[in-house]
Undergrad: 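Mind looking over this structure? Questions follow.
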Amino acid sequence: MLRFFHYLGFGADTWSYQFLLGALTTLEISAGAFTVGLLIGGCVAAVKLHGARWAVRLANGYSTLCRAVPELLLIIILFYAGQSALNDLLASLGFNDEDIGISGFAAAIIVLGLVQGAYASEIIRGAVLAIPRGQIEAAHAFGLSGVTLFRRIILPCVLPYAIGGLANLWMSILKDSALISVVGYNELLSTARQAAGSTKMYFSFFLFTGAIYYCITLASNAAVQRIERRIRRWMPRLA
């Protein structure tokens with residue numbers, strides 16, 4: 001144990017500092033992907049609920065594709081194939097002076113956001129369908145429509161039904177963020193592999209990494225419970 005803390009160290013240029021940077025990167029990727037997923041999921045859910053037939057088919061196809069193909073494969077396709085396709089396109093337009101690379105950080109956020117958007121769309125769609133139709137009709141009777149209807153009626157009614165599923169998506173993104181290491185971007189799990197390989201203390205460093213993920217999960221659970229109590233304050237409590 002003392003040997004582990006000796007290797008871990010304290011201060012700058014130590015493994016403890018690298019683990020801190022890795023944890024922050026994991027949270028940044030997760031937060032970015034979750035935000036992108038919510039935006040995409042909201043738009044796709046709106047199409048599924050009120051779009052034209054061809055648009056609904058496209059939205060359903062997107063959801064099926066993103067849920068069927070592994071996130072790891074999508075990251076590799078976007079980072080390598082997408083980068084090659086972008087450079088080929090620029091070369092065909094005459095901009096062939098230098099290659100343009102895709103950031104591993106941006107690739108992770110975009111791909112994880114696209115995948116999570118497919119799941120978020122179903123969560124949001126189900127939450128909207130759970131709203132009693134009479135509440136929407138009553139809002140229309142009072143003259144509410146458009147943004148006002150969404151802000152005052154739909155959103156407060158959707159959140160209590162959607163919060164559980166969205167919280168699960170956040171937990172899933174926290175773990176899926178480790179996939180970005182395949183494109184050479186340094187996050188928490190990648191830092192653990194580097195530390196374990198350098199010190200040969202595989203069990204200690206991977207166990208330490210698991211403890212960090214566990215602490216992040218506990219903090220996330222506490223935040224979700226606080227948010228859930230806030231948005232459910234007007235709803236009747238079950239016995």
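Heavy atoms only: backbone and side chains are in, while hydrogens, waters and symmetry mates are out.
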Undergrad: Could you state the interatomic distance from CG (Leu188) to CD1 (Ile180), rounded to the nearest 0.5 Å?
TA: 14.0 Å

Undergrad: Hydrophobic clusters here meaning ILVMFWY residues chained together by side-chain heavy-atom distances under 4.5 Å, can you tell me if Phe206 and Phe208 are in one?
TA: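 Both belong to a single hydrophobic cluster.
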
Undergrad: Give, for atom CZ of Arg230 and atom CD1 of Ile227, the distance between the pair rounded to the nearest 0.5 Å.
TA: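 It is 11.0 Å, given to the nearest 0.5 Å.
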
Undergrad: Ignoring hydrogens and angles, write down the donor-acceptor pairs under 3.5 Å from the side chains of residues 169-177, residues two or more places apart or on other chains.
TA:
from	atom 1	to	atom 2	distance (Å)
Trp170	NE1	Ser220	OG	2.9
Ser172	OG	Asp176	OD2	3.3
Ser177	OG	Leu174	O	2.7

Undergrad: Under 3.5 Å, side-chain donor or acceptor atoms of residues 67-79 against the rest of the protein: list the pairs with distances, not counting sequence neighbours.
TA:
from	atom 1	to	atom 2	distance (Å)
Arg67	NE	Ser63	O	3.2

Undergrad: Using atom types as modelled, flag every donor-acceptor pair under 3.5 Å from a side chain in residues 112-119 to any protein atom, sequence neighbours excluded.
TA:
none

Undergrad: Closest heavy-atom contact between Trp15 and Thr191?
TA: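 Trp15 and Thr191 have their closest heavy atoms at CZ3-O, 4.2 Å.
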
Undergrad: Could you state the interatomic distance from CG (Asn221) to CD1 (Ile216), rounded to the nearest 0.5 Å?
TA: 12.0 Å

Undergrad: Locate the shortest heavy-atom distance separating Ala59 from Val44; write the atom from each residue and the value.
TA: CB-CG1, 3.8 Å

Undergrad: Quick check: closest heavy atoms across Ile29 and Ile109, and the distance to 0.1 Å?
TA: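 Heavy atoms of Ile29 and Ile109 come nearest at O-CG1, 4.0 Å.
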
Undergrad: Measuring only between side-chain heavy atoms, which start at C-beta, is Ile110 closer than 4.5 Å to Val36?
TA: no

Undergrad: Nearest 0.5 Å, please: how far is OH in Tyr213 from CG in Leu218?
TA: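 Answer for the CG-OH pair, Leu218 versus Tyr213, is 15.0 Å.
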
Undergrad: For a quick test of reading the model, state the closest non-hydrogen atom pair linking Lys48 to Val56 and the distance between them.
TA: O-CG2, 4.1 Å

Undergrad: If you take all heavy atoms of Ile153 and Ala139, which pair is closest and at what distance?
TA: CG1-CB, 3.8 Å

Undergrad: Flag yes if Leu155 and Leu49 sit in one hydrophobic cluster, no otherwise; membership is Ile, Leu, Val, Met, Phe, Trp, Tyr, and two members link when side-chain heavy atoms are under 4.5 Å apart.
TA: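 Both belong to a single hydrophobic cluster.
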
Undergrad: Name all residues meeting the side-chain contact (heavy atoms from CB on, under 4.5 Å) criterion together with Ile124; count only those two or more places apart in sequence or in a different chain, and write none if there are none.
TA: Ala45, Val128

Undergrad: Is Tyr202 atom OH crowded by more than 12 heavy atoms from other residues, nucleotides or ligands, each under 6.0 Å away?
TA: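 More than 12 within 6.0 Å, yes.
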
Undergrad: So, taking the atom named CD in Glu187 and the one named CG in Leu21, what distance separates them when rounded to the nearest 0.5 Å?
TA: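 Separation between the atoms: 12.5 Å.
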
Undergrad: Give me the ring orientation class for Phe205 and Phe19: parallel if the planes are under 30° apart, tilted from 30 to 60°, perpendicular past 60°.
TA: parallel

Undergrad: Using every non-hydrogen atom in the two residues, find where Val47 and Ala55 come nearest and quote the distance to one decimal.
TA: CG1-O, 3.4 Å

Undergrad: Under a 4.5 Å side-chain heavy-atom rule over Ile, Leu, Val, Met, Phe, Trp and Tyr, are Leu65 and Leu179 clustered together?
TA: yes

Undergrad: Only pairs at least two apart or in different chains count here, so list each side chain to side chain donor-acceptor pair (under 3.5 Å) that has a residue in residues 18-46.
TA: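 Qualifying pairs: none.
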
Undergrad: If the condition is side-chain contact (heavy atoms from CB on, under 4.5 Å), which residues does Leu38 pass it with, not counting sequence neighbours?
TA: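 For Leu38 the side-chain contact (heavy atoms from CB on, under 4.5 Å) partners, ignoring immediate neighbours, are Phe34, Leu166.
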
Undergrad: What's the spacing between Leu20 CG and Leu24 CG if we round to 0.5 Å?
TA: 4.5 Å

